[in-house]
Protein chains: 2
Amino acid sequence: MLQNGNYEAIFSRIPIYIEYLKTYEEEYISATIIANSLGLGEVQVRKDLAKISFGGKPKIGYEVKSLLDDLSSYMGFDKLTKAVIVGMGRLGEALFHYLGFDRINLKIVAAFDVCDKYNSLDEFKSICEKHNVKIGIITVPEESAQATADLMVSSGIKAIWNFSSSSLKVPNNILVKNENMANSLSVLIRLMNNL
Amino acid sequence: MLQNGNYEAIFSRIPIYIEYLKTYEEEYISATIIANSLGLGEVQVRKDLAKISFGGKPKIGYEVKSLLDDLSSYMGFDKLTKAVIVGMGRLGEALFHYLGFDRINLKIVAAFDVCDKYNSLDEFKSICEKHNVKIGIITVPEESAQATADLMVSSGIKAIWNFSSSSLKVPNNILVKNENMANSLSVLIRLMNNL
DNA sequence: TGTATATCGATAAAGATATATCGATATAAC
DNA sequence: GTTATATCGATATATCTTTATCGATATACA
């Protein structure tokens, strides 16, 4: 069970490189330019890229096109990933309509809520199995979070993106990433007060 | 400039401890119980607590009440922090109405948008200065993100919570925490595909 | 052709974070 | 009172992450 892990810091930088490279017009780019543009260290960028892509050339840098391909497939953006979302309050709505998921080739195939404007939870398992859904997004109130997680696990979901403030209990082979908004903001506040 | 930093991993665990402790009914609690309940290592919990609070007692543990006080004030939850939000699309709306910010003693004092249902950006600086706002939340489309950040910096804001996918350029003394939803989810997808 | 320079990759060092081990101590049970 | 045990805090070790250093190489230019 992954609880808010900082595992593999590199994973969180690759999408940033990808975003930046998409805006870059030249044929080649150096680690130095990427680093300076994104406020990172150039050795770190070079190391990240070396881990994923074939070599850049001294004095020239990396070919942007093939670098983009390599980074994207490393992150799995070349394959469609399917998700479902449970809890269609304001946050659920916002995520459901969020356009940025296209970029990472993620599709939210169904939205569930007790309100009958959305799919009913009775259909949850069958819909997930039919679409072979691997990602579950939880945006329900705290008191229903664990039950939602249990339903997801029993419906074959492998990774949960949890916006509730509950600590979910799930089996060992299920990933949980907690994305509690208040906690996340509080880290920023703490850092700010430190200065 | 903090770009999505994992600085001080401990900062991100404290709010989780706090949440958990609030639900705990006994007078004393041990690091072992906290660790097992949250899926963390007990040495890690003990170390975190030792850094912030006064000693626990062998065989007994820590007094829940004073532990909660110490952790809360360490995170700055004992003081009111004020924020403003710019960009009242679905995500902006969701954050503006999000109830969880009470827990961390954060108040969003104003919401801005080009649409006239909200405060106008013309009033941005004066409102921020009047309320001594230190935190700015950016939920605008990518193309207006940098301009919004510039406005925030020139209005005395010290820390920016950036939901756009742009990499913002800000002065050195300004904190930026990027909270790009797609990037964040893509880390989960990558971890899942690793297994 | 030779020299200067930007850049790479590799290796080493430093820093941050997490885990393991162990003696000390407060309570409980005998 | 003695012994057993849960727990603490401290120290040591391991792992992960970032930063520094340096020789090698591809191009540009005199």
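These numbers come from the heavy atoms of this one structure, side chains and all, not from hydrogens, waters or symmetry mates. Numbered from 1 within each chain, the chains take letters A, B, ... in sequence-line order.
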Would you kindly give the CG-to-C1' distance between A:L49 and C:dG9, to the nearest whole Å?
12 Å
Distance-only donor-acceptor test, A:K59 side-chain atoms vs C:dT5 base atoms, 3.5 Å:
yes
With nearest nucleotides of DNA chain C determined for A:E42 and B:I60 from heavy-atom distances, which residue corresponds to the more 5′ nucleotide?
A:E42
Is it true that B:E19 and B:R103 have a side-chain N and a carboxylate O under 4.0 angstrom from each other?
yes
Quickly work out the A:L40 CG to D:dT19 C1' distance and round it to whole Å.
13 Å
Name the nucleic acid region contacted by A:G61, choosing base, sugar-phosphate or nothing; use a 4.0 angstrom heavy-atom cut-off, strictly under.
sugar-phosphate
Taking every non-hydrogen atom, the tightest pair across A:I127 and A:A110
CG2-CB, 4.0 Å
Measure the distance from CG on A:N36 to C1' on D:dT19 and round it to the nearest whole Å.
15 Å
Taking atom P of D:dG9 as reference, at what distance in whole Å does atom CD of B:Q44 sit?
15 Å
For the side chain of A:T32, starting at C-beta, report the closest nucleotide among C:dC8, C:dA18, D:dC8.
C:dC8
Classify the ring geometry between A:Y20 and A:Y24 as parallel (under 30°), tilted (30 to 60°) or perpendicular (over 60°).
tilted
Given D:dT7, is OP1 or OP2 found less than 4.0 Å from the side-chain N or O atoms of B:S30?
yes
Check the distance between C:dA6's C1' and A:Y62's OH and give it to me in whole angstrom.
13 Å
I need the CZ-P distance between A:R46 and D:dC22, as an integer number of Å.
15 Å
For the residue pair B:F112 and B:Y118, is the inter-centroid distance of their aromatic rings smaller than 6.0 Å?
no
Counting side-chain heavy atoms from C-beta on, which of C:dT17, D:dA12, D:dT18 comes nearest to B:A9?
C:dT17
Using atom CZ of A:F11 as one end and atom C1' of D:dT17 as the other, report the distance to the nearest whole Å.
14 Å
B:R90 bridged to B:E93 by N-O distance under 4.0 Å:
no
Measure from CG on B:D48 to P on C:dA16 and round the result to the nearest Å.
16 Å
Where each residue is assigned the nucleotide of DNA chain C containing its nearest heavy atom, which of A:V43 and A:P58 is assigned the position nearer the 5′ end?
A:P58
